[in-house]
Each structure stands twice: as structure tokens, then as C-alpha cells.
Amino acid sequence: MAQILLKHATIVSMNKERQVFLDGDVLIEDDAILSVGKVDPAMIERGVQVHDCTGKLILPGLINTHVHTSQQLGRGLGDDVDLLTWLHQRTFPYESSLTEEDSYVSTLLCCIEQIRAGVTSFAEPGGQFVRSMAKAVDQAGLRAKLAKSSMDCGDGLPKIWRRSTDEELATQLEDLKALHKSADGRVQVWFGLRTLFNNSDDLILRTKDLADTYKVGVHMHVAEVKEEVEFSKAKFGVGTVQHLEDLGVLDENFLAVHTVWLTNDEVDIFAKRKVKVSHNPAAAMRVLGFAKIPQMLEKGICVTIGTDGAPSNNRMDLIDEMWLTSLIHKGWRLDPTVVKAEQILEMVTVNGAKALMEEKNLGSLEVGKKADLIVINPASAGMYPLHDSIANLVTSMHSSNVESTMCDGKWLMKDRILLTLDEKSILTEAQQRADSIRERAGIRLKHRFPVIDCRPEGR
Ligand SMILES: [Zn+2]
């Protein structure tokens, strides 16, 4: 059995009492945490690997509850355009032009950004190639709940995506049977629903049934944009959340993403049904809407944070999203006391674990839980000094302060060096593939400034 001992750290455990251990240790054996805080020397075996963490902070690995890994190569395709252009002329053409190998490289690139930002687990709402995403996640050493973006109706869908309800469900079942709990259990398969625009009631109902049967979650974009709620009202006479409630699918295993356009009654429905919320502050600012996060927290709703996809946010960096979450609600509520730093740390740790249905295994540094953790080195001009370290972790930490990332007892990044992936070659391949996808998809971006080509001819 392999043991690792991290010594002399400030440990922000996020356990039930939210204890912070000063000059504490974490003892890890294989993939699990054996002891936290004051470690009994009798538990330490000869041959243990010891790491001195003096001056550093240790946190549970962060949990990103909504990230489109397959959209990573589309970063920068959706800036400064209106919603319909974003969707029909940028994102749909891009995504529907991806090959399975593109999706694999896209996910690898996204995994690098996740690891560098201290994320050890994430939920993927759905590209089209769950197999290639799973392969990349396995290689990266991360944990993920992967889903296919399922769609069985709606206007303006690329031809390749026009599929029947039965086909969409069959593909997801195939993925689940082949990949669920693979990569030592790190890769799990969930069911995905894109949005109310593209999902029939039949698909929504059958998806929820299957998720219950296989004891996994349903991941869906809910009330993301105003137009979606208007569409729902025109078609069903009620908004998105009320319609999902009428269908009877809102439940503890339902992860609702964005949730920007909810009425007060719909917030109450979420609380009653114990629906999990993924708040994506940057994406919400892009499509202009404030989710009622302070109100949801008051009602005891499990709120988590997600980055969304690269064409909607551009930064797949959960630490940036923590900072944004700490700011935007204070601004629109004109109240600097709402959405506090400790609540935001809960969103990206214990709440994230609950939303991923992994409360027993993840989200805090406690004996018996999985050894998913990050080592933070705050000694930088951007984060020093520390008067109130919990606040600093949310308001002034940058992903560059994440020094090391461990998942399942293995270092994925140590001292800022990636250990599971070849970053340089992935970056090169990502750029080449991104150029080729843009060409294939026929996406033409206007130059924002005059471009003078100084290359010698023929180069
Ligand atoms: Zn999304």
C-alpha cells in the first residue's frame, strides 16, 4: 500500500463542522484519506512519501458542476454576438462539425485547464461523443459524470443532430452500459437533456425514468435565457420550471443548470423537490440574467458552480467563477453581505459533491473519503497578505496559486507541472484542429482590427 503524507499545512477540511487545521497533516493511503489534522504516528508506514506543505493551504479538490469539454476548441467563437447568431451561426455549426477525435482533443485541453484550476471532478452536460470524452478523462486522471447532449426536436438543428427519441435514449444506454464506473470508477455516465427547445416531453419523462433505474443523475439546462421561458409559456402556458414540475421530473437527482429565469414560486419548487442548481455566473452575464442565488441559498437549495463551455464563457476556470459569484449578487442586490466566501467554498466542494451524488466520497477532507485535494501556495503578489484566508481563497486566489492537484490519491499536477498529460503537444494539436473545424463549419470571423500579413510569400 502506498502512503503519502502532506505535512504542516493549513487544512480547510470542509467537514461537517467546517474545521480548519493549522499546521495540520493529511495522510493518504492509495486512493483514500486515512487521517486529517493531527496524524497518529503509529498510522504512518515506513516508505511513506512526505511532502512539506509549510505556508500552503490544502482544500478538497474543487467540483465544476457544468463544463462542456467538447466545446473547448470553440473558445472565442461566440464573443460579442447576439444569442441567435451565437447559437445558429457559431456554436451549432462548430459542435456539429466535430469528429470523435476532435472531441477527444477538446476534452484533453479542457482537462488541462481544469487540473490547473484545482478541479478534480466535473459534470459534462453533453457533447456527442461520450466515449472519446471518457477516454480523455481517464487519461487525465480526473473524475467526471459524462452525458450525451440529447435532442429530439426543435427548429434550426443541424441535420446530423435530427434524431428520434428512441435513438437518443438508445445511444445513452449504450454509453452507460459500456462506460459507467470505468477508469477505476472515476468515469460515470449520466443522462443529458439539452434544453426545453430541443427536448420533447416524452424524452424528458423517459430520461428521468432511466436515470432512476440506473441510479444516476439528469443534467439539463433550465431557464437559461428569457426566450426559453417565453417559448415554454407559449407552448405549455407555464415557464420551464413549472412545466418540468408538471411533468413530475424534478427530483434530488436532477441537476438544473443556469436557472436564471425562475419566478419566486419556481424557486420554492426547487427547494421542495431538492433539485440541485449549477450556477454559471460568467455565462449568465453573457446572456444577461442574474440567477436568484441569494434567495436560493436562503431557501436551503443546494447551489453549486459551473464554468459552462468555452464559447459561452471563454474561461473554464472555476476559481474565476468563484470570484465572479462573490461579486455579481452583491452588485445587483445592492447588498455586500449576500453570498459570502464560506458559502462559495461550500458550492465548489460539499455542495458540488452532493449535486454529483457523491456526498459520501467527495467534497471534504475526511477519513475514508477519496483522496481528491489541492495544495494552494498563496505566496504571490496577487494573493498575499492573508488576513482572512477563507475570504482570500474566494476573492483573491488565482488558478496560478494552485500548486498541486491530486485525484484518487494520484498527483495530476505537482508544483505546477502536469504529470498525466503532455501539455505542449495537446496545445499544438488543439490549435490545428480548431482551425480545421472552423473551416469545415464555414464559420467566418471578421477581423476586429486591420490585419497586415507580413509573412514571406508561400510560408
Ligand atoms: Zn451549458
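All values below were derived from every heavy atom in this structure, side-chain atoms included, with hydrogens, water molecules and symmetry-related copies excluded. Atoms within each ligand, like the ligands themselves, are counted from 1 in listed order.
- With 3.5 Å as the limit, one finds no donor-acceptor pair spanning the side chains of His221 and His219.
- Annotation: angle subtended at the Zn ion (ligand 1) by His68 NE2 and His221 NE2 is 100°, to 10°.
- Shortest distance from the Zn ion (ligand 1) to Asp308 is reached at OD1 (N/O/S atoms only).
- Counting non-hydrogen atoms of neighbouring residues, nucleotides and ligands closer than 6.0 angstrom, the NZ atom of Lys330 exceeds 12 such neighbours.
- Closest N/O/S atom of His66 to the Zn ion (ligand 1): NE2.
- Under 2.8 Å from the Zn ion (ligand 1) lies no N/O/S atom of His258, from backbone or side chain alike.
- In the displayed structure, Arg315 atom CZ is contacted under 6.0 Å by at most 12 heavy atoms of other residues, nucleotides or ligands.
- Residue contacts to the Zn ion (ligand 1): Glu224 brings no N, O or S atom closer than 2.8 Å.
- Of the possible polar contacts, one joining the Tyr94 side chain to the Leu73 backbone as a donor-acceptor pair under 3.5 Å is found.
- Panel note: side chain Thr395, backbone Ala391; a donor-acceptor pair is recorded below 3.5 Å.
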